[in-house]
Amino acid sequence: MKTTAIYLLIVAYIFAGSYHFINPSFYQPFFPPYLQKWSSTLNLLAGIAEIALAVCMIFSPTRNMASYGLIALLIAFIPAHIYMIQKGSFMLGSFSVTPIISWLRLLVLQPLLILWVWWVRK
């Protein structure tokens, strides 16, 4: 079960990281105003980090270090989730992001992702 969880995590992060390059405008609504000036650069760095850390999760010797990196990245994304809550309802393509969805992402999804990464670290 743990092996499956590791590989699902790797695939998810490679996909998520790649999406930063495939559709960078998708991430624009997540950047608070104080980060807008650097949003393109930060978006690309996030994509690179997600892909690199996912690749490092493949190998046992680098998995523990990569897990700490992914957890740090998930924590670094918290201001974006707080901004989504402050923003209220907004459209993300054809999907309506409501405050409830933003709260669930911050209080449920982020902690679950952190726990998932922590669990598969060794």
K.L.:
Closest approach of Val120 and Ala5, non-hydrogen atoms and distance?
P.N.:
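So the minimum-distance heavy-atom pair works out to CG1-CB, 3.8 Å.
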K.L.:
Flag yes if Leu92 and Leu42 sit in one hydrophobic cluster, no otherwise; membership is Ile, Leu, Val, Met, Phe, Trp, Tyr, and two members link when side-chain heavy atoms are under 4.5 Å apart.
P.N.:
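Yes, one cluster joins them.
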K.L.:
Check whether any side-chain heavy atom of Ser67 sits under 4.5 Å from a side-chain heavy atom of Leu70, and report yes or no.
P.N.:
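No, side chains not in contact.
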K.L.:
Compare all side-chain heavy atoms of Phe90 with those of Phe95 and state whether any distance is below 4.5 angstrom.
P.N.:
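Side-chain contact under 4.5 Å: no.
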K.L.:
Quick one, Thr41 with Asn43, criterion side chain to side chain donor-acceptor pair (under 3.5 Å). Give me CA distance, side-chain angles, the key distance, then yes/no.
P.N.:
CA-CA 5 Å; Thr41 302; Asn43 181 54; over 6 Å; no
K.L.:
So do Gln36 and Ser39 actually touch side chain to side chain, heavy atoms under 4.5 Å?
P.N.:
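Yes; the side chains approach each other to less than 4.5 Å.
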K.L.:
Using the rule that two of Ile, Leu, Val, Met, Phe, Trp, Tyr join whenever any of their side-chain heavy atoms come within less than 4.5 Å, decide whether Met1 and Leu112 are in one cluster.
P.N.:
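In one cluster with Met1: Leu112, no.
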K.L.:
Does a side-chain heavy-atom distance below 4.5 Å link Leu106 with Ile85?
P.N.:
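Of all side-chain heavy-atom pairs linking Ile85 with Leu106, at least one is under 4.5 Å.
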K.L.:
Under 6.0 Å between ring centres: does that hold for Phe31 and Tyr83?
P.N.:
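No - the distance between ring centres of Phe31 and Tyr83 does not fall below the 6.0 Å cut-off.
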K.L.:
Taking NZ in Lys37 as the centre, count heavy atoms belonging to other residues, nucleotides or ligands within less than 6.0 Å. Is the count above 12?
P.N.:
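Incorrect, the count does not exceed 12.
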K.L.:
Let me see the working for Met65 and Cys56 under side-chain contact (heavy atoms from CB on, under 4.5 Å), right down to the final yes or no.
P.N.:
CA-CA 8 Å; Met65 177 274 311; Cys56 289; 4.2 Å; yes
K.L.:
For residues Ala49 and Leu73, report the shortest heavy-atom separation together with the two atoms involved.
P.N.:
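Taking Ala49 first and Leu73 second, the nearest heavy atoms are CB-CD2, 4.0 Å.
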K.L.:
Distance from Tyr68 atom OH to Arg63 atom CZ, nearest 0.5 Å?
P.N.:
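Here the rounded value is 14.0 Å.
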K.L.:
Is there a path of hydrophobic side-chain contacts, each under 4.5 Å between heavy atoms of I, L, V, M, F, W or Y residues, that connects Leu53 with Ile58?
P.N.:
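They do share one cluster, since a chain of ILVMFWY contacts under 4.5 Å joins Leu53 to Ile58.
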K.L.:
Above 12 or not: heavy atoms from other molecules or residues under 6.0 Å from CH2 of Trp103?
P.N.:
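Counting other residues, nucleotides and ligands, CH2 of Trp103 stays at 12 neighbours or fewer.
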K.L.:
Using modelled atom types and a 3.5 Å cut-off, is there a donor and acceptor pairing between side-chain atoms of Lys87 and backbone atoms of Pro99?
P.N.:
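Judged by distance alone, no pair lies under 3.5 Å.
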K.L.:
Out of curiosity, does Leu9 fall in the hydrophobic cluster containing Phe59 (side-chain heavy atoms, cut-off under 4.5 Å, transitive links)?
P.N.:
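Yes, one cluster joins them.
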K.L.:
Write down the atom of Phe77, the atom of Glu50, and the distance for their closest heavy-atom approach.
P.N.:
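Phe77 and Glu50 have their closest heavy atoms at CE1-OE2, 3.4 Å.
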K.L.:
To check you understand the geometry: which heavy-atom pair defines the closest contact between Ile6 and Met57, and what is its length?
P.N.:
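Minimum heavy-atom contact is CG2-O, 4.1 Å.
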K.L.:
Could you go step by step and tell me if Ile114 and Ile75 meet the side-chain contact (heavy atoms from CB on, under 4.5 Å) rule?
P.N.:
CA-CA 9 Å; Ile114 290 169; Ile75 291 168; 4.3 Å; yes
K.L.:
Is it possible for you to say whether Leu74 and Trp116 belong to one hydrophobic cluster, with membership spreading through side-chain heavy-atom contacts below 4.5 Å?
P.N.:
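Per the 4.5 Å side-chain linkage, Leu74 and Trp116 are co-clustered.
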K.L.:
With under 30° as parallel and over 60° as perpendicular, where do the rings of Tyr27 and His20 fit, or are they tilted in between?
P.N.:
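Judged by the thresholds at 30° and 60°, the geometry between Tyr27 and His20 is parallel.
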K.L.:
Can you check whether Gln86 reaches Pro32 side chain to side chain, under 4.5 Å on heavy atoms?
P.N.:
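No - every pair of side-chain heavy atoms lies 4.5 Å or more apart.
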K.L.:
In the structure I gave you, are the side-chain heavy atoms of Ser89 and Val97 within less than 4.5 Å of one another anywhere?
P.N.:
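Side chain of Ser89 against side chain of Val97, heavy atoms only: no contact under 4.5 Å found.
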